[in-house]
Amino acid sequence: MSRKLRVHVDPEKCQGHARCKSLAGELFELDEFGNAHEAGDGSVPEGLEDKAWLAKANCPEFAIDVMEE
Amino acid sequence: MSNHAPVTDWVHDFDHTDPRWTENPFPIWDELRVVSPVVHTDRFLGCYLPTTYEAVREIAHDTEHFSSRRVLVRDERPEVTRNAAPPITSDPPDHKPAKQLLLPPFTPDAMKKLEPRVRAICNELIDGFIADGKCDAAARYTKHVPVRTIAHMLGIPEKDGDLFIQWIHQILELGIKDESMLMQAVQEMSAYFAGHIEARKQRPTDDLISTLMRARDKIGQPLDDSHVMGSLRLILIAGIDTTWSAIGASLWHLAQHPADCVRLIAEPTLMPTAIEELLRAYSPVTMAREVVKETVVSGCPVKPGNMVLLSFPAANRDPAMFPDADKVVIDRRENRHAAFGLGIHRCVGSNLARMEMTVAIEEWLKRIPDFRLDPAGRVTWSEGTVRGPRQLPMLFGKA
């Protein structure tokens with residue numbers, strides 16, 4: 001049983017590469033400038049854990065945190 | 001105009017216009033990276049080259065010691081002009097407002113709306129040569145995709161593409177060694193856009209030129225004409241050679257790796273991951289900074305008065321960051337590549353470039369699933385700031 005995950009984008013670090021949106025569109029949203037933030041409160045629905053880790057592993061600005069709750 | 005002596009000592013005398021660098025820079029970067037994270041040349045009035053991902057990242061994030069007021073490493077360093085090409089030539093605090101004006105038209109959602117037009121352009125181009133059984137893909141295909149797309153976005157005639165290509169060649173390639181070539185192209189380009197701006201003052205349109213003309217700063221003032229002009233020059237210069245190179249290098253790779261083509265055709269959902277990997281392995285764009293304050297990068301002292309050749313392509317081949325950095329792994333899982341830069345100057349057109357690359361390769365593979373380099377022809381590469389194939393002779397069908 002995997003633990004519940006939560007994602008967070010650091011808005012100071014995000015530069016709008018949009019890799020997270022492409023890899024895990026359910027977990028991230030983009031604003032009008034293309035900068036990312038987590039969808040809702042950042043909780044990762046069951047089954048999308050791999051996408052959360054993938055988004056983190058591909059962010060060129062190291063702006064994404066994945067926290068285990 | 002000066003001709004450069006051939007390089008014999010890459011560690012102390014590198015030159016990104018040397019024919020060996022143009023032809024195959026990867027072994028040079030590998031050699032330098034082992035020696036030091038930062039090397040220096042006295043050429044170009046003094047210039048550093050960071051060779052590791054970490055050193056490139058440090059510099060890209062440090063706008064206090066490294067200025068973007070000069071973004072090309074050239075033989076001469078003439079006076080900086082105001083509003084050269086904002087926001088790429090802007091430093092904080094001017095950078096952010098200039099960039100925010102350009103970001104909304106280039107979001108992924110905006111690109112989705114543009115995608116059908118790009119797909120149509122690709123198919124029109126392929127219609128023009130597919131019956132020949134062969135083509136120079138750089139001259140007939142990869143060049144025209146970004147030229148026609150950018151012209152469409154800006155609302156300027158697609159048939160003026162040859163003019164754009166000539167100006168860009170003069171600025172990004174010949175301009176490194178010949179100031180007069182660069183100045184002539186900038187003046188011609190400015191005169192060209194001045195005409196289009198004037199026409200829109202009479203009759204506004206819904207293209208990117210009118211968008212910039214309508215933009216207001218935070219106190220409600222319109223942009224200076226020089227700012228509008230500078231940003232238009234940037235979009236044209238940065239939007240064409242770069243994507244031309246990225247699509248071309250991708251097709252050059254695929255022509256020599258039919259197994260990758262077979263897999264991409266069988267597994268279309270792999271395309272976004274493959275595009276990122278091709279961007280990593282064949283990143284076209286090398287940027288520049290000017291050192292404005294003494295500092296230390298990855299343990300190496302750097303001094304004001306020097307330029308920095310900010311090689312995102314070299315960073316993307318650093319084995320400390322990317323296992324099997326010299327191999328194209330089209331399903332690479334972890335890929336924080338820096339092809340579009342890092343930090344505040346992340347390429348404003350990155351979503352456009354990705355969309356054009358994806359569509360251009362998808363449409364090519366649909367229509368021409370089997371292709372290879374033509375052994376009777378020669379592949380040539382552009383020099384200096386943007387690297388990609390400028391001749392790419394291909395034969396269609398199975399070997």
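Sequence lines set the chain letters: A, B, ... in the order given, protein chains first and strands last, and positions in each chain run from 1.
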- Message: Does B:Asp206, at its CG atom, have more than 12 non-hydrogen atoms belonging to other residues, nucleotides or ligands within less than 6.0 Å?
- Response: no
- Query: Is the backbone N or O of B:Gly343 less than 3.5 Å from a side-chain atom of A:Glu61, with the two atoms forming a donor-acceptor pair by type?
  - Reply: yes
- Item | Euclidean distance, B:Leu103 CG relative to A:Asn35 CG, rounded to 0.5 Å | 7.0 Å
- Message: I need the B:Leu342 CG to A:Phe62 CZ distance, nearest 0.5 Å.
- Response: 9.0 Å
- Item | Distance (rounded to the nearest 0.5 Å) between A:Leu30 CG and B:Asn351 CG | 8.0 Å
- Item | Option in A:His17, A:Lys21, A:Glu32 with maximal non-hydrogen atom pairs under 4.5 Å from chain B | A:His17
- Contacts of residues 54-64 of chain B with chain A (heavy atom under 4.5 Å): B:Arg57, B:His61
- Query: Donor-acceptor pair, A:Arg19 side chain versus B:Arg336 backbone, under 3.5 Å?
  - Reply: no
- Examine whether an atom of B:Asn335 lies under 4.5 Å from a heavy atom of chain A, and if so say whether it belongs to the side chain, the backbone or both; otherwise answer neither. both
- Query: Can you say whether A:Lys13 sits under 4.5 Å from chain B via the side chain, the backbone, both, or neither, judging by heavy atoms?
  - Reply: neither
- Could you look at B:Met321 and say if it's the side chain, the backbone, both or neither that has a heavy atom under 4.5 Å from chain A? side chain
- Which members of residues 322-334 of chain B, sorted by number, sit under 4.5 angstrom from chain A on a heavy-atom basis? B:Arg333, B:Glu334
